[in-house]
Structures are given as C-alpha cells and as structure tokens.
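Okay, structure first, notes after.
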Amino acid sequence: MFKTRLISGIVLVAAALVLIITGREILLAAACVISLIGMYELYRVYRMERTAAAFAGYLAAGLYYLDLYVHWIPEQMVFVIGLLIVLLAIYVLAYPKYHASQITAAFFGVFYVAVMLSCIYQTRMMEQGAYIVWLIFLCSWGCDTCAYVVGVKFGKHKMSPVLSPKKSIEGAVGGLVGTFLLTALYASVFRAQMGIASGQIFVLAAISTAGGLISMIGDLAASAIKRNYEIKDYGTLIPGHGGILDRFDSVIFTAPVIYYLAKYLL
C-alpha cells in the first residue's frame, strides 16, 4: 500500500508541475475535468450521480469554467440564481423523484468542488501567479505532511477525537509552523523572480499559514461527509489515495484562500 501510495503521489506531483507550469487553457481544461470528476464522486455519495439534477450541476460547472475563459456571464450572481432556479424546477417537475437533500447537494457540489478548485487557475493567471500558485499546495499538502510527521512523534492531545482520532493538536501546530517555514524558504529562493521585498516574504508565509489552517477544516469537512454516509473513500481513481475529493479535500479550501489573500494583500 505504501509503495502504491508513493508512486501515485509522485505521479500527482509531476502532473501538477506540468499543468501549472503550462498554465492557461491547458490548466483551465484540466481543472474543469478534475472538478467534474470530483462532483461525480460527491453526487455518488448522495446516490444521484446520473440524474438530471446532477447533469444540471455538471453543465453549470462547465459553463462556469467557460466563463473564466470568455467572460460571458455579466454578473456572477446571475449564475448562482440561475442554477438554483434550474435545480428547483427539476425538483418540482420530477417530484417525488428527488429528496430535498439531493437538490441541495447538486447546488452545493458546483461551488464546493468546481468554483473553489477554479481558484487554482485564477491564482495562476495573476501577476506573479506562476510562483504564488504553489502556495496552494505548500499550505495543503505541505501542511498535511508536516502535521503528520509532528503528530506521529509528539501527538498526545486529540484535535477531533470523534471525527478524526489520529489528528492531534501538536500535529496541527507542527503543520502550521512547517507551512510558515516552507513558504518563507520558497519565497526567499524565488524572491528575485517574484520581484518582492524582504517584508513580503513574511506576508506570503502568513498567507500560506492561514491557508494551512483552513486546509485542516477542508480535510475534516470531507471526512465528516464520509462519516455521515459511512464510506471510506470518495472513489478509487488515484491508487492508494482514493478519489479526487480524497486527495484534493484540503486544496479545495486553500485555493480560494490563497487567491483572495494574495489578490488583496500583495
């Protein structure tokens, strides 16, 4: 299992490198595909992955990604309200085929997966985004790795005993400290390329640390849904890791945090 997980992890990192370095249409298309797969996994939890409500969600996600490229939706709230009206129409016209929770899930899935993951692309398209975008992964996967190492060595106090008994407060603190140090090191190495002053290194480290804190919420939120529905993994697409949502649960939360904090603080 460890060997399978390691190989899959290496492939994931390599794929991320290629896609993010390439950027633009390739990254946008990849983010869209990943989002649709993640939505399918989430909808499957609610037993609605092949329904009209689910396909409305998939279509909405596709249109949202298209808008990121061509900017055809005049106002984002139009998209939100339009999607809600369509889903409620499906709910009413097909009654009693759907439970209200399934319609809620269809609406939720578009934003929880597609919209939040799209911030990877949006961060990449920012000025200096080729470097800032890596903070998303530093404060999710990096924080998770540091938290695991510190937790194994020093973890005594459970952070969430019922939801995730293996996670500790010591591990969480270690993850945040590790994220800060990793980001500070990364920003120092690429300082010239990013065109930032010394003080901005600490701003980036602070942004990444905030993202690391939020990534823990993302990880636990995904676990909470799985526990509610008594499933181990969202899927089997990534050997040793589970599905898209199992591997990107924290990235989903960190992507918008890094995007907006970087957008307004740098």
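In this chain, residues are counted from 1 in sequence order.
With hydrogens and angles disregarded, a donor-acceptor distance shorter than 3.5 Å links the side chain of Glu41 to the backbone of Ile244. Distance alone, capped at 3.5 Å, is enough to place a donor-acceptor pair between the Ser215 side chain and the Gly212 backbone. One N or O on the side chain of Tyr234 and one on the backbone of Ala222 form a donor-acceptor pair closer than 3.5 Å. Arg44 places no side-chain N or O within 3.5 Å of a backbone atom of Glu49 that could act as its donor or acceptor partner. Panel note: side chain Glu170, backbone Val150; no donor-acceptor pair is recorded below 3.5 Å. With Ser35 contributing its side chain and Ala31 its backbone, the two residues share a donor-acceptor pair below 3.5 Å. No donor-acceptor distance shorter than 3.5 angstrom exists from the side chain of Glu230 to the backbone of Arg227, with no hydrogens or angles considered. Of the possible polar contacts, none joining the Arg124 side chain to the Leu19 backbone as a donor-acceptor pair under 3.5 Å is found.
The two residues Ile132 and Ala262 come nearest to each other via the heavy atoms CG2-CB, 3.9 Å. Thr209 and Ala205 get closest at one heavy-atom pair: OG1-O, 2.7 Å. Of all non-hydrogen atoms in Gly109 and Met39, the two that sit nearest each other are O-CG, 3.7 Å. Heavy atoms only, all atoms of each residue included: Pro256 and Met116 are closest at CD-O, 3.6 Å. For Gly174 against Cys146, the heavy-atom pair with the smallest separation is O-CB, 3.8 Å. Nearest heavy atoms, Tyr131 versus Phe190: CE2-CD2, 3.6 Å.
Distance CZ/Phe137 to CD1/Ile120: 4.5 Å, rounded to 0.5 Å. Put simply, CG on Leu138 and OG1 on Thr183 are 5.0 Å apart, with the number rounded to the nearest 0.5 Å. Rounding to the nearest 0.5 Å places CD of Gln76 at 11.5 Å from CD1 of Ile81. Annotation: the span from Lys156 atom NZ to Ile169 atom CD1 amounts to 13.0 Å, rounded to 0.5 Å. Rounding to the nearest 0.5 Å places CZ of Arg24 at 12.0 Å from CD1 of Ile26. Asp249 contributes atom CG, which lies 8.0 Å from atom CG of Asp144 (distance to the nearest 0.5 angstrom).
Leu176 and Val203 fall into different hydrophobic clusters, where Ile, Leu, Val, Met, Phe, Trp and Tyr side chains are chained together by heavy-atom contacts under 4.5 Å. Cluster membership for Leu182 and Tyr148, using ILVMFWY side-chain heavy atoms within less than 4.5 angstrom, is not shared. A continuous path of hydrophobic side-chain contacts links Val251 to Leu261 [ILVMFWY only; heavy atoms under 4.5 Å]. Residues Leu66 and Ile73 are members of one and the same hydrophobic cluster, defined by side-chain heavy-atom contacts under 4.5 angstrom among Ile, Leu, Val, Met, Phe, Trp and Tyr. Cluster membership for Leu83 and Ile85, using ILVMFWY side-chain heavy atoms within less than 4.5 angstrom, is shared.
Enclosure of atom CZ in Phe111 by more than 12 non-hydrogen atoms of other residues, nucleotides or ligands within 6.0 angstrom is indicated. The environment of Glu127 atom CD is sparse: at most 12 non-hydrogen atoms of other residues, nucleotides or ligands sit within 6.0 angstrom.
Within the 4.5 Å cutoff, the side chain of Tyr121 has no heavy atoms near those of the Val133 side chain. Proximity of Asn228 to Val45: side-chain heavy atoms (C-beta onward) are nowhere separated by under 4.5 Å. Looking at heavy atoms from C-beta onward, Lys167 lies in side-chain contact with Leu220 at the 4.5 angstrom threshold. In this structure, the side chains of Arg191 and Ser198 come closer than 4.5 Å at one or more pairs of heavy atoms. With contacts defined as side-chain heavy-atom distances shorter than 4.5 Å, the pair Asp67/Phe79 does not qualify. The shortest side-chain heavy-atom distance between Ser168 and Met159 does not fall under the 4.5 Å cut-off.
Residues Tyr65 and Tyr69 place their aromatic rings such that the two centres sit no closer than 6.0 Å. The aromatic ring centroids of Tyr98 and Tyr91 lie 6.0 Å or more from each other. Checked against a 6.0 Å centroid threshold, the rings of Tyr43 and Tyr58 count as neighbours.
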Practice problem: Output, in order, the C-alpha distance, side-chain angles, deciding distance and verdict of side-chain contact (heavy atoms from CB on, under 4.5 Å) for Met194 and Leu204. | Solution: CA-CA 11 Å; Met194 296 173 73; Leu204 285 172; 3.5 Å; yes

Exercise. Begin from the C-alpha positions of Leu17 and Trp134 and carry the test side-chain contact (heavy atoms from CB on, under 4.5 Å) through to its verdict.
Key: CA-CA 9 Å; Leu17 281 168; Trp134 295 106; 3.6 Å; yes

Quiz item: Could you walk me through whether Asp219 and Phe253 pass the side-chain contact (heavy atoms from CB on, under 4.5 Å) check?
Solution: CA-CA 9 Å; Asp219 184 30; Phe253 273 65; over 6 Å; no

Exercise. Report the C-alpha distance between Ser208 and Phe180 in whole Å, list the side-chain angles of each, state the deciding distance to 0.1 Å, and finish with yes or no for side-chain contact (heavy atoms from CB on, under 4.5 Å).
Key: CA-CA 7 Å; Ser208 195; Phe180 185 92; over 6 Å; no

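Within the structure, ring-ring contact (aromatic ring centres under 6.0 Å, His included) contacts touching residues 191-229 (residues at least two apart or in different chains) are Tyr46-Tyr229.
Residues Met126, Tyr259, Tyr264 make up the rest of the hydrophobic cluster containing Tyr260, defined by ILVMFWY side-chain heavy atoms closer than 4.5 Å, directly or through other members.
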